[in-house]
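Some notes on the structure that comes next.
Quantities reported herein were computed from a predicted structural model and do not represent experimental measurements. Lettering of chains follows the sequences in order, A, B, ..., and the numbering in each one begins at 1.
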There are 2 protein chains.
Amino acid sequence: MKTNYSAYPRMNVKTLNKHVVVDLIRFTSGGISRAGLSRELGLTRAAVTSIVNDLSDMGIVREAEKQTSGGRKPAVLEIVPSQGYVVGVEMGATHILALVADYSARVIREKEIQIDIKDGPEVCLSALDRVVQQVIAEAGLQLVDIHAIGIGVPGPVVISEGLVSAPPIMPGWDNFPIRSVLNKKWDCHVLLNNDAELGALGEWAYGAGRNEANLVYIKVGTGIGAGLIFDNELYHGVTGSAGEIGHITIRENGSICTCGNRGCLEAVAGGNAIALRASEEVQRGKRTQLVGFGDFYQITINDVISAARKGDLLCQQIISEAGTHLGTAIASLVNLINPSIVIIGGGVAQSGDLLLEPIRTAVSRRSLRVASKAVRVSAALLGRRASAMGAVVQALSHSLHQFSE
Amino acid sequence: MKTNYSAYPRMNVKTLNKHVVVDLIRFTSGGISRAGLSRELGLTRAAVTSIVNDLSDMGIVREAEKQTSGGRKPAVLEIVPSQGYVVGVEMGATHILALVADYSARVIREKEIQIDIKDGPEVCLSALDRVVQQVIAEAGLQLVDIHAIGIGVPGPVVISEGLVSAPPIMPGWDNFPIRSVLNKKWDCHVLLNNDAELGALGEWAYGAGRNEANLVYIKVGTGIGAGLIFDNELYHGVTGSAGEIGHITIRENGSICTCGNRGCLEAVAGGNAIALRASEEVQRGKRTQLVGFGDFYQITINDVISAARKGDLLCQQIISEAGTHLGTAIASLVNLINPSIVIIGGGVAQSGDLLLEPIRTAVSRRSLRVASKAVRVSAALLGRRASAMGAVVQALSHSLHQFSE
DNA sequence: GATTTTGTGTTAAATAACTTGACATTTAAT
DNA sequence: ATTAAATGTCAAGTTATTTAACACAAAATC
């Protein structure tokens, strides 16, 4: 008796149930026993035994070490970690972060490099290839050991095609066949997705969004994007561009944005906007810790954040203002989506409560009571790894579901 | 082999499939044959035959008259209309519309009265009771013939409790036990829901949103609200208040709104806002067809719409401006949700292209290319009946699913 | 106009995937 | 020590479905 698992493609009932069991084992913190699975699934214990036996014979699932803490404990199940490995990659505007994880989603190695996404696909994808190859080698593995590689990019992804369509902060990448190029290099399953969506997935599976069915993840970096999880599933929209919150209009006549419009959220509260704002104030001679940076050096968002953390008032104020603008947009989003949690991640979120508090204030002031009472605004628990971790989760899902056929 | 029908509660597999079959027969325009069901469900024709036989024995389903147009036609199935009846009601700020429909969702009688929702629950629910009783009688039926009654109200509904929570345009209704009061009066299943959500459901089932999996319905009346359908299912959010788009901030320092904030969409583009705007202009002595209305008579939104339709330039301009503001909000929504269609309904939508064109312009200017290319902006096909029709659909679903146990 | 092809709907037997009910096992409560 | 309660397993029975065969009707082909 199983009903509602719309995420899985058509397959026979037992295989479907196997997949559900695998996911319940993966995503239940503290593990789950056969009896627990029975309750969750609405199947009898006898049926669960049969399913788990199959998975155990395949080598995917095993019983965890029993805790010696006394008291009868049911046999808790876990995924066999060494059955396979995956790689999760986040490509941002200025960096690439790659993680290698085993079948239980434990990260066994990571590596980060700096890039500039404006160098275009050829240059960046070569760099991407190098990091991935290196991190695999450093983990003591080879490419053939890797079942799948998940990649997050900061633009609207057409999942079926494996490319990005008209990405505002990825000039030169429009319709470039990212997935097929990488497929040729690696000869394993490559899954391309939007970075904010993957951040949402990561936080839902292993971060601040555990056990939350309706979740919004806001990635505030160079760009601003949102990942949406509705009823425990990633929501893409019709063409896969859902969550593009960065280019909603905040100020009718605000400063001009990379997308061509005026007053976009990203042009007001994005990483570049904050850095630009700081530069202007410095040049106007405002008193700040950043003064020493001079005219030739380009002030970055990280400079502003670290100065703010060290107590610099100007930088704190700039970040706080960005938070207020973000909060206005998030308040609208809370009214519209009515989520149980909004998770703030991405580079700018490193500034912590300096950014979060103004957001919380705006949400409680501008959202309807019903909605604002029901929502928490939290920082990403996985921090800068959120998107890469989501890529891991996705690659793992793909691989496990293939494996358990 | 059936997988993804998460809308249905837990039940055994065949019963579940029965419900799916009933819904496919209901919602497939032009009807569907056993072979068609087989393809849709992924079941064999033999299995479908067995399921349809059961439903036929219950009296819910039958074969439609064969078209005599020649050429082999499969036996098209239909719901037996006379097996049961339901009522669908829309309660707006100023009116109540009640529909009686048979099991095939054909409306057999309707009735509308004027009310003022500010008179509070006792007064309005008595009026509601009267209209419903009358329309049932006029349809030649009695209360015992009615299997379920669906009701839409213009505020955030807590479905589990059957009441509204902190509704901006329903003063005096906060936490009033609407459903249980009506239950006592009628002694049949009462389903309370948000009017915009029901509008979305109605348009999805029988209107402009047929065959669209991801749909947004915007109800522009006295209040402004949205109904969301994601992956063919109504989306409520955690506490049932999703879609409350009327109180997102459009102008930081705009005019004050019933909700207490400033510059809400509703305070700028809602029915009351439009009427108020017209009154002001008239008092300022602007040249308009409305001049004759004098100072004592309160100009209504309907006056403005009919004047605009008759060519009054001022009224046209006021509606067009409201459309532009709506369009800005809808553009954000399109970026965020990436729907395939946005349907504009509610009283103000009676003004047609005068309202729609500015919305389309704003969406194509302010939304990302990927999202705006994928979306159509249309008027509600069911017009002022959209929400009440959604209430019918919901009541019918409830009744049919109960019946086919 | 006869023949083949294609799609529809039905039936009976076989199979997959459960449930039922009984039982051994382990721990907690009395 | 005894009882209660939950876990995990096994064999037998049940249900919903598939398989495979066939009858039927219309369209396409010759």
Separation of [X] atom [atom1] from [N] atom [atom2], in whole Å?
{"X": "B/Glu63", "N": "D/dA25", "atom1": "CD", "atom2": "C1'", "result": "14 Å"}
{"X": "A/His19", "N": "C/dA17", "atom1": "NE2", "atom2": "C1'", "result": "16 Å"}
{"X": "B/Lys14", "N": "C/dC18", "atom1": "NZ", "atom2": "P", "result": "18 Å"}
{"X": "A/Leu77", "N": "D/dT7", "atom1": "CG", "atom2": "P", "result": "13 Å"}
{"X": "B/Leu43", "N": "D/dA16", "atom1": "CG", "atom2": "P", "result": "12 Å"}
{"X": "B/Asn17", "N": "D/dT15", "atom1": "CG", "atom2": "P", "result": "16 Å"}
{"X": "B/Lys18", "N": "D/dT17", "atom1": "NZ", "atom2": "P", "result": "10 Å"}
{"X": "B/Arg34", "N": "C/dT8", "atom1": "CZ", "atom2": "C1'", "result": "10 Å"}

For this output row, return yes or no: ring centroids of B/Trp204 and B/Tyr217 closer than 6.0 angstrom.
-> no
Distance flag, aromatic centroids of A/Tyr85 and A/Tyr103, threshold under 6.0 Å | no
Contacts of B/Ile159 that satisfy side chain to side chain contact (heavy atoms under 4.5 Å, CB included) - sequence neighbours left out = B/Val157, B/Asn193, B/His236
Counterpart residues, ring pair (Phe, Tyr, Trp, His ring centres under 6.0 Å), relative to B/His189 (two or more places apart) | B/His398
Under 3.5 Å donor-acceptor, B/Ser38 side chain and B/Arg34 backbone = no
Ion pair B/Glu78/B/Arg26, N-O distance below 4.0 Å | no
Could you list by number each residue of residues 44-55 of chain A showing a heavy-atom separation from DNA chain D of less than 4.0 Å, or answer none if no residue does?
-> A/Arg45, A/Ala46, A/Thr49
